[in-house]
Amino acid sequence: MGAKTRKVAIVGTGMVGSSCAYAMINQSICEELMLINRSEDQALAQALDLSHCMDFTSFRTKVYAGSYERCQDMDVVILAVGGDDKKLTSRLDSLGASIAIMEDIIPRIMKSGFSGVFVVATNPVDIITYAVWKLSGLPRSRVIGTGTSIDSSRLKTLLSEVFPVEPRSVQGFVMGEHGESQFVAWSHVTIGGKPIRQIIRQHPDRFGYLDLDEVADRTRLAGWEIYKRKGSTYFGIGNALAFITRSVLNDDHKIIAVSAILEGEYGMHAVCVGVPAIISASGVHEVLELNLDEEEQEKFRKSCDLMRSFLRSAKLTEEESGTGEELAGLAVEKTAGDSAASADYAI
């Protein structure tokens, strides 16, 4: 008997969704890939274009355009849709449009009988991940946001430019919001297993100039540097989506900094932020609780408080639970004069 066919759907076939699809095909992550978009023609065109890659890959992936009604047997549904707003000053600016989209599509996906894992890239990703959880009714472990996975990758890339190692030899995490209140957990950043602060102390002539606060700022602003120049980021986040999805499909148990819904971890409840977690076939298998130092604990608390305030304003928290009509009302209020588009973007 053959192995089970791994099936993934990507909702949103703009730059983020198509970059994710291209990464998944080239990395042979699944056997079937279904593309969904508000414009059926665009989804079909992307599927055809991607299918023409097969002669040049080591593994055949069946790529086709589909619909929400065909999500019932998908193992993973990737959400890569968002409002097409080119005047963002913060990821939080997209909240209303993004909630409007999720309020429309999540019930349709769930009505199909979908019972797999959601992987969310739509910004503001921490809040939208929480919204998807509330709208879907799935266990919190089965709704994952890309969170600070891309920020952690950016951090490793920046550090690899200073230390004579390649990025994957740097271990460490950016935590909290995928946005302005994020922070680097420097107490847990190591290179080859050696704490970065110890390396700097031992080699002041080589690395004493390094300002860790400046590195953290550059990490936080890296996405905006790209956004200002070309309007969106998509290659990095596309690969992050593929990386997370592969860990789910292969039951890899990789540790990735993702948006996870916290119910007691780090002493936090009813909030979703970027934390290192073990990703397996069940989704978030376990949230790793790092022993943060006092300053990091305070930064984490402030980031969680900020996210919780937005969840309350969106009536998404337990004390002010809201789905369906309430969510739709929020979306209408916040997107007055704007339209929710199917084009995707990420920062």
Side-chain angles (χ1 to χ4, degrees), residues 1-13 16-37 43-44 46-81 105-121 129 132-133 135-146 149 238-256 258-261 277-287:
M1 185 169 61
K4 178 182 179 294
T5 300
R6 298 167 297 175
K7 299 182 179 181
V8 176
I10 299 177
V11 181
T13 59
V16 174
S18 58
S19 294
C20 173
Y22 188 65
M24 292 184 65
I25 286 171
N26 280 286
Q27 296 175 37
S28 305
I29 290 175
C30 61
E31 283 79 30
E32 287 193 21
L33 186 60
M34 181 170 72
L35 305 183
I36 303 171
N37 197 71
L44 178 59
Q46 295 285 42
L48 287 171
D49 197 4
L50 288 163
S51 70
H52 299 160
C53 297
M54 297 310 151
D55 193 34
F56 313 109
T57 62
S58 59
F59 179 87
R60 179 178 182 266
T61 304
K62 181 181 178 182
V63 189
Y64 54 94
S67 65
Y68 302 117
E69 292 70 31
R70 296 175 64 184
C71 287
Q72 70 274 8
D73 60 349
M74 294 292 131
D75 299 297
V76 176
V77 169
I78 295 171
L79 301 174
V81 293
I105 69 176
I106 299 304
R108 296 169 67 183
I109 293 171
M110 296 310 299
K111 188 177 179 180
S112 75
F114 175 69
S115 60
V117 173
F118 279 112
V119 180
V120 184
T129 300
V132 171
W133 172 54
L135 286 164
S136 69
L138 290 172
R140 65 183 176 120
S141 62
R142 300 228 301 271
V143 183
I144 310 169
T146 50
S149 59
N239 267 278
L241 283 165
F243 189 77
I244 294 167
T245 301
R246 181 171 57 194
S247 191
V248 173
L249 294 176
N250 293 351
D251 197 27
D252 280 340
H253 286 69
K254 287 187 181 296
I255 298 173
I256 309 171
V258 298
S259 297
I261 295 137
I278 300 171
I279 305 302
S280 70
S282 61
V284 177
H285 179 78
E286 182 179 347
V287 171

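Computed from a prediction, not measured in an experiment: that's the story for all the values here.
- Closest of all the heavy-atom pairs between Y22 and C53 is CE1-SG, 4.0 Å.
- The closest side-chain heavy-atom distance from V248 to D75 is not below 4.5 Å.
- Here the closest non-hydrogen pair linking G12 and V81 is CA-CG1, 3.4 Å.
- Annotation: side-chain contact (heavy atoms from CB on, under 4.5 Å) contacts of L44 (sequence neighbours excluded): L48, A65.
- Across all their heavy atoms, L33 and A21 have their closest contact at CD2-CB, 3.7 Å.
- With sequence neighbours excluded, the residues forming a salt bridge (charged side-chain N to carboxylate O under 4.0 Å, His left out) with R6 are E31, listed by chain and number.
- Taking all atoms of both residues into account, the shortest heavy-atom contact from I256 to S149 is CG2-CB, 3.9 Å.
- Counting all heavy atoms, side chain and backbone alike, L35 lies closest to A43 at O-CB, 3.9 Å.
- Around CZ of F243, the count of heavy atoms belonging to other residues, nucleotides or ligands within 6.0 Å does not exceed 12.
- A distance of 6.0 Å separates CD in E32 from CE in M74, rounded to the nearest 0.5 Å.
- Separation of atoms CD1 (I25) and SG (C30) is listed at 8.0 Å; rounding is to 0.5 Å.
- In this structure, T61 and L50 have side chains that are not in contact, with every pair of non-hydrogen atoms separated by 4.5 Å or more.
- The closest side-chain heavy-atom distance from S280 to D251 is below 4.5 Å.
- The two atoms that bring V117 and A281 nearest to each other are CG2-O, 4.0 Å, heavy atoms only.
- If you take CD1 on I78 and CD1 on I244, they are separated by 9.0 Å, rounding to the nearest 0.5 Å.
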* Asked: Which is it for I10 and C20 under the side chain to side chain contact (heavy atoms under 4.5 Å, CB included) test, yes or no, and what are the steps along the way?
  -> CA-CA 8 Å; I10 299 177; C20 173; 3.9 Å; yes
* To do: Step by step, work out the side chain to side chain contact (heavy atoms under 4.5 Å, CB included) result for L249 and V76.
  => CA-CA 8 Å; L249 294 176; V76 176; 4.0 Å; yes
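- The distance from atom CG of N37 to atom OG1 of T13, rounded to the nearest 0.5 Å, is 3.0 Å.
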* Under the side chain to side chain contact (heavy atoms under 4.5 Å, CB included) rule, what do I36 and C71 come out as? Steps first, then yes or no, please. => CA-CA 10 Å; I36 303 171; C71 287; 3.8 Å; yes
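- For the atom pair CE of M34 and CZ of R70, the computed distance is 6.0 Å after rounding to the nearest 0.5 Å.
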* Chi angles and distances behind the side chain to side chain contact (heavy atoms under 4.5 Å, CB included) call for T5, D73 -> CA-CA 10 Å; T5 300; D73 60 349; over 6 Å; no
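- When each of I29, I255, V119, I279 is checked for a side chain to side chain contact (heavy atoms under 4.5 Å, CB included) with S247, only I279 meets the rule.
- Atom CD in Q27 sits 10.5 Å away from atom OG in S58 (nearest 0.5 Å).
- Looking only at side-chain heavy atoms (C-beta outward), R246 and D252 come within less than 4.5 Å of each other.
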Show me the donor-acceptor pairs, under 3.5 Å and distance only, between side chains in residues 107-116 and residues at least two apart or in other chains.
{"from": "S112", "atom 1": "OG", "to": "Q72", "atom 2": "N", "distance (Å)": "3.4"}
{"from": "S112", "atom 1": "OG", "to": "I109", "atom 2": "O", "distance (Å)": "2.5"}
{"from": "S112", "atom 1": "OG", "to": "F114", "atom 2": "N", "distance (Å)": "3.4"}

